[in-house]
Amino acid sequence: MTEEDEPEVIRDRRKKLERLRAAAIDPYSRGFKPTHSTAAAKALLGDGERTEPVAVAGRLMVKRLMGGSAFADLQDEAGRLQLFASREILGERDFDLFADLDAGDLIGAKGPIFRTRRGEVTLEIHSFQLLTKSLRPLPEKWHGLKDVEIRYRQRYVDLIANPEVRDVFRARTKIIAGLRNLLDQAGFLEVETPVLQEVPGGGHARPFVTHHEALSRDLFLRIALELHLKRLLVGGFERVYEIGRVFRNEGLSPRHNPEFTMLECYEAYADYNDVMRLVEDMVVTATAAAGRSANTRYQGEEINLAPPFRRERMADLVLERTGRQAVGKELNDLFEEYVQPNLREPTFVTDYPIEISPLARRRDDDPRFVERFELVILGREYANAFTELTDPIDQRQRFEAQAAQRAAGDVEAHPMDEDFLRAVEYGLPPCGGLGVGIDRLVMLLTDQPSIRDVILFPVMKAES
RNA sequence: GCCGGCGUAGCUCAGCCUGGUAGAGCAGCGGUCUUUUAAACCGAGGGUCCGGGGUUCGAGUCCCCGCGCCGGCACCA
């Protein structure tokens with residue numbers, strides 16, 4: 001868009017910018033150091049009548065001009081503070097400059113905090129400085145920004161106009177920090193493993209393909225963290241975890257973004273029963289980190305997140321619901337269609353069919369099933385875990401079975417990974433492994449309906 | 001990929017069914033106003049009605065194609 005095509009409101013701002021420059025005012029200045037956040041400045045007043053001068057900085061949100069005085073709301077990361085400007089205090093020139101500021105401008109202001117007649121805690125401006133001139137109008141002050149397309153494409157505007165959105169992302173960070181702390185305290189070592197991989201394994205998904213020019217070879221973006229973390233157990237680390245982005249070349253939905261965050265952890269000498277207890281601890285920790293109680297709601301539905309969680313065998317749940325004694329993929333299909341949507345309270349669904357679990361250990365008492373569970377809450381999966389398969393002969397056979405499916409056209413069947421097999425042949429200690437979908441957990445704990453609401457910059461189609 | 005809904009001023013939305021010169025509030029601009037807070041009041045502006053095609057004397061409105069967003073399905077352990 002050329003400047004001539006721009007909306008009038010933006011053209012007006014550009015003109016204003018030129019007027020400022022002509023008046024020798026730097027519209028992109030620096031050097032202002034706030035002494036207080038808006039919240040700290042408010043707290044400083046307490047029950048008093050007036051404070052020493054403080055310096056605050058932030059974005060001007062609303063302006064209310066009243067002849068020789070003016071009020072404005074200043075928004076910083078901590079909140080909002082009302083500013084009061086008067087011609088008497090600022091003088092003719094500075095008052096006019098202040099009155100000419102726009103909603104959206106970033107400014108710094110100095111002065112004492114006082115309370116207006118109506119009781120509003122307010123900074124009386126003794127001096128101010130334009131820090132950054134804004135050229136684009138903010139969304140409407142009352143209705144805010146509702147257009148979800150703009151909210152996702154221009155998250156920066158969303159964050160300005162809808163400060164509560166920031167709370168969601170603060171909660172996201174706290175949840176992740178809480179989980180990290182839990183694992184650290186439990187003796188897990190946080191590691192980083194390759195995003196670019198020759199063989200995209202550890203999950204059941206179509207990968208993204210990319211190309212390395214110097215190596216003249218295609219590489220894949222990882223779809224899971226599993227196989228490298230298990231290699232580290234072979235290497236002698238006994239408890240490892242990674243929180244990282246994985247990529248799946250699949251459709252988008254309110255529950256699927258092509259890149260999302262997984263937490264995976266692996267613990268030597270543990271089995272899936274140990275992992276269930278760990279998952280319960282994780283849910284407790286994450287719930288607290290998000291500032292929620294165990295008794296909470298998601299999208300209007302009550303849910304109790306207090307452990308212990310139900311533990312039910314998949315085959316039992318399917319039999320109970322459908323009266324059918326299925327095995328293999330059929331069992332899983334029946335489960336997903338008839339059982340899972342109806343599992344509302346937190347439930348560990350255990351003992352999956354071996355056909356769909358190429359990396360999990362067989363049950364000793366029934367080789368048609370593996371020691372695997374998923375945590376289902378409100379019909380959705382939040383965690384997937386198993387007692388890991390450590391037998392390299394069995395592992396090779398599982399991969400070969402997957403390769404046969406791949407040859408039959410299943411692009412998502414697990415690929416053969418010879419290096420992983422080699423590692424397992426050196427000896428993978430008995431272990432339990434876990435994957436947690438962080439985004440969905442954050443959705444649950446922040447009561448957000450779409451995964452796009454917990455990802456700062458969700459994948460969107462090209463803007464036309 | 002399929003089905004449905006939506007797309008109008010910077011923002012929030014009417015107008016579309018039933019075709020007849022494009023509206024409101026907020027924001028912006030000009031003015032009045034020195035403790036307001038969705039400030040108030042007066043005035044003048046601002047539009048590729050998502051894009052393209054069609055029907056019609058006439059299309060924001062009806063039809064077709066495309067694009068984007070949302071939801072559902074498919075897919076997704």
Side-chain angles (χ1 to χ4, degrees), chain A residues 1 5-13 15-16 61-73 80-90 95 99-100 102-104 114-122 124 134-154 157 160-161 202-206 223-224 248-258 260 314 329 331-333 335-336 340 349 352-353 355-360 370 372-374 376 380-381 383-386 410-414 435 437 449-452 458 460-464:
Chain A
M1 182 189 284
D5 294 332
E6 282 174 347
E8 181 188 35
V9 282
I10 294 180
R11 283 204 308 272
D12 286 344
R13 298 256 184 134
K15 288 178 197 159
K16 219 177 241 186
M61 298 303 290
V62 187
K63 227 174 34 166
R64 295 179 289 278
L65 298 181
M66 310 188 53
S69 70
F71 293 88
D73 293 346
R80 284 193 184 195
L81 175 68
Q82 179 168 268
L83 306 180
F84 169 71
S86 87
R87 182 163 265 138
E88 237 170 54
I89 297 172
L90 282 177
F95 182 81
D100 204 36
D102 288 299
F114 74 109
R115 213 180 307 269
T116 64
R117 281 177 205 160
R118 303 277 178 106
E120 181 79 16
V121 177
T122 302
E124 180 182 274
S134 171
L135 294 181
R136 290 177 178 272
L138 290 177
E140 207 243 353
K141 62 186 175 187
W142 186 245
H143 297 93
L145 178 65
K146 290 186 175 175
D147 185 324
V148 291
E149 186 170 356
I150 299 176
R151 287 190 51 222
Y152 297 151
R153 285 192 195 280
Q154 301 177 236
V157 181
I160 294 168
H204 188 86
R206 178 194 286 258
I223 60 169
R248 297 189 175 183
N249 205 340
E250 290 157 358
L252 290 72
S253 87
R255 292 163 297 284
H256 300 83
N257 195 64
F260 61 100
M314 178 187 279
K329 275 194 168 129
L331 173 64
N332 189 59
D333 289 346
F335 170 75
E336 287 185 357
Q340 185 176 319
V349 179
Y352 278 61
E355 291 84 352
I356 60 167
S357 313
L359 300 165
V370 295
R372 169 180 175 183
F373 73 83
E374 291 193 4
V376 176
R380 297 180 183 174
E381 304 150 16
N384 179 25
F386 18 96
D410 182 357
V411 295
E412 288 163 358
H414 201 290
S450 171
I451 196 168
R452 297 180 193 97
M460 304 286 280
K461 290 189 190 175
E463 199 174 354
S464 54

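The figures here come from the full heavy-atom set of this structure, side chains too, leaving out hydrogens, waters and symmetry mates. Below, read A as the first sequence line, B as the second, and so on, with proteins coming before strands; counting in each chain starts at 1.
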Counterpart residues, side-chain hydrogen bond (donor to acceptor under 3.5 Å, both in side chains), relative to A:Glu120 (two or more places apart):
none
What nucleic acid atoms does A:Glu149 come within less than 4.0 Å of, heavy atoms only: base, sugar-phosphate, or nothing?
sugar-phosphate
So, under a plain 3.5 Å distance rule, would you say the side chain of A:Arg117 forms a donor-acceptor pair with the base of B:U35?
no
Between the base of B:G45 and the side chain of A:Glu8, is one N or O donor paired with an acceptor at under 3.5 angstrom?
yes
5' precedence on RNA chain B between A:Phe114 and A:Pro139 (nearest-nucleotide basis)
A:Pro139
Would one find a side-chain N or O of A:Lys141 under 4.0 angstrom from OP1 or OP2 of B:A38?
no
Within the structure shown, what part of the strands sits under 4.0 Å from A:Leu138 by heavy-atom distance: base, sugar-phosphate, or nothing?
nothing
N/O donor-acceptor pair, side chain A:Ser86 with base B:U34, under 3.5 angstrom:
no
Answer with base, sugar-phosphate or nothing: what part of the nucleic acid does A:Lys16 contact at a heavy-atom distance below 4.0 Å?
sugar-phosphate
Rounding to the closest angstrom, what is the interatomic distance between B:C63 and B:A24 at atom P?
28 Å
Assign A:Arg151 to base, sugar-phosphate, or nothing according to its heavy-atom contacts below 4.0 angstrom with the strands shown.
nothing
Within a strict 4.5 Å, meaning less than it, do heavy atoms of the A:Leu252 and A:Lys461 side chains meet?
no
Side-chain donor or acceptor of A:Glu120 under 3.5 Å from a matching atom on the base of B:U35?
no
